[in-house]
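Here is the structure we will look at, set down as structure tokens.
Because only heavy atoms are used, hydrogens play no part in the values below, and waters and symmetry mates are left out as well, while side chains stay in. Just so we're on the same page: letters track the sequence lines, and every chain starts at 1. All values derive from a computational prediction rather than experimental measurement.
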There are 2 protein chains.
Amino acid sequence: MNDIKKDNTEDKILKAAKTIFIRKGMDGARMQEIADEAGINKALLHYYFRSKQKLFEAIFSNLLNQIFPNISSILLSTKPIEEKIELFVENYIEMLLQNPYLPAFVLKEINRDSDFFENTFKSNRIDLSQLLLMFENEMKAGNIRKMNPRDLIANLLAMCIFPFAAKPLLKLLLFNDDHENYNRFLEERKKTITEFALNSILPK
Amino acid sequence: MNDIKKDNTEDKILKAAKTIFIRKGMDGARMQEIADEAGINKALLHYYFRSKQKLFEAIFSNLLNQIFPNISSILLSTKPIEEKIELFVENYIEMLLQNPYLPAFVLKEINRDSDFFENTFKSNRIDLSQLLLMFENEMKAGNIRKMNPRDLIANLLAMCIFPFAAKPLLKLLLFNDDHENYNRFLEERKKTITEFALNSILPK
DNA sequence: TTTAAATTTGACCATCTGGTTAAACCTTTT
DNA sequence: AAAAGGTTTAACCAGATGGTCAAATTTAAA
């Protein structure tokens, strides 16, 4: 009975702030713009959240917590490695298709204020050591060729995320600015990234 | 005798602006900061370049022109495909090691004002069609397996650029924030990216 | 040397923006 | 119904910032 009060101003603010912050970033977003998006007075933002910084922290921290756990769970399942990677890539690309602004936003913000990012990140206790271990075990078992597992993680993330973060550039370079074509390309990458990676890491 | 006049204020401004813009981005950079970096009065910036926008355009346009041509030239040489890819990756990573702020800066700016980016980009006439053709020919000749050459280009760029653009994140995730270790990782990727890609695309 | 033109500067302006405050309004309690 | 507490608003403020301008200074031309 606390969730569905009436219009719940706080939630309206959070939703509006998320929209605006992701689209414009911390620097580019205006408090007035967020207020307009939420359909409220600007002073109300400061009533519920003390400052722009605090409001941003709420959004950003929540976002980090939301993204990472879902991802590693797939890779830590007991399925065969081919399937784990296939499912991971499919899920990740699908999530990015639903949140196309996310990559550029996150990259922008982690580079803007590294200290702030490190703090919010560390306090959210995200940990990839299990993931590294899993890949090492797959290598020992001879299921995939030996390599630095960090390279494998970096490559998978890179191939998934980069085409979204660099969309304006790649769309122009590879598809002459054809929006439809580029989105189809992104959709197809669920398959092509998996192929590319498995071709590289599966023993011959 | 036009290049080495005296201190050449215009060059000092361009150099300072490049430094500040790449580090802070268009939004984050202050004209005063650029003036300080150049060791001149703020009004002089407006004397040489009419506005912040114009100054930024000069920097950004020049940067785009500088980056792309060097890159495709290697891939368009007549060397065998393994060597072309190896040299490309080595050169690209080396360039990024020399300009570590570049990836985050470019990604930020192409997503900030897409229209402006498209215009400056189109007027610089950068064209990848030869590159696509080259890869298609290598496939037809059976030197590499058949795939969409756009995926190959996207994957190569992604694997090279992403670890620089996402440095604060990956450094924390993969190396517990150890700067030295992460830089070694980046350096080693000259080899590991090449391996990863060739393993995937060379016929078995 | 004098004059004209180009360059450089300090002071200033208009605007934008995050944030504050006192008053108005609504909801709940007594 | 009246008091109290929580919510919302309009008006306002201080600082930052891109940009302008007239005057001063330096350089080049006559």
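Listed nucleotides C/dT9, C/dG19, D/dT9 differ in distance to B/Leu44; the shortest reach to its side chain belongs to C/dT9. Nearest nucleotide to the B/Asn41 side chain, out of C/dG18, C/dG10, D/dG18: C/dG10. Taking the side chain of B/Arg30 as heavy atoms from C-beta on, and the options C/dT21, D/dG18, D/dG19, the nearest nucleotide is D/dG18. Closest approach to the B/Tyr48 side chain among C/dG19, C/dT8, C/dT20 is made by C/dT8 (side chain taken as heavy atoms from C-beta onward). With D/dT20, D/dT9, C/dG19 as the candidates, the nucleotide lying closest to the side chain of B/His46 is D/dT20.
Residue order along DNA chain C, read from the 5' end via each residue's closest nucleotide, puts B/Lys42 first among B/Lys42 and A/Arg50.
The CD atom of A/Gln53 sits 18 Å away from the P atom of C/dT17 (whole-angstrom rounding). Atoms CD (B/Gln32) and C1' (D/dG15) sit 15 Å apart, rounded to a whole Å. Following rounding to the nearest Å, B/Asn8 (CG) and D/dT27 (C1') show an atom-to-atom distance of 15 Å. Taking atom CG of residue B/Asp36 and atom C1' of nucleotide C/dT8, one finds them 15 Å apart after rounding to whole Å. Remark: C1' of C/dG10 and CG of B/Leu45 are 15 Å apart, rounded to the nearest angstrom. Residue A/Phe49 contributes atom CZ, which lies 13 Å from atom P of D/dT7 at whole-angstrom precision. Put simply, CE on A/Met31 is 7 Å from P on C/dG18, counting in whole angstrom units. Here C/dA6 presents its P atom at 19 Å from CD1 of B/Ile40, a figure rounded to the nearest Å.
Listed for the A/Arg150 side chain is no donor-acceptor partner under 3.5 Å among the backbone atoms of B/Leu170.
Within a 6.0 Å sphere centred on CD of A/Glu136, heavy atoms belonging to other residues, nucleotides or ligands number more than 12.
Not one side-chain nitrogen or oxygen of B/Thr9 sits closer than 4.0 Å to the OP1 or OP2 atom of C/dT7. At D/dT9, none of the side-chain N or O atoms of A/Tyr47 fall inside 4.0 Å of OP1 or OP2 (strictly under the cut-off).
At a threshold of 4.0 Å, the pair B/Arg112-B/Glu109 counts as salt-bridged, since one of the basic side-chain nitrogens sits closer than that to a carboxylate oxygen. Between A/Glu86 and A/Lys191 there is a salt bridge, since at least one side-chain N of the basic residue sits less than 4.0 Å from a carboxylate O of the acidic one.
Within 4.0 Å of B/Ala35, counting heavy atoms only, lies no atom of the nucleic acid at all.
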- Message: Apply side-chain hydrogen bond (donor to acceptor under 3.5 Å, both in side chains) to residues A/Asn183 and A/Glu187 and explain how you reach the verdict.
- Response: CA-CA 6 Å; A/Asn183 278 351; A/Glu187 174 75 33; over 6 Å; no
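For A/Lys52 against C/dG19, a side-chain-to-base donor-acceptor contact under 3.5 Å is absent.
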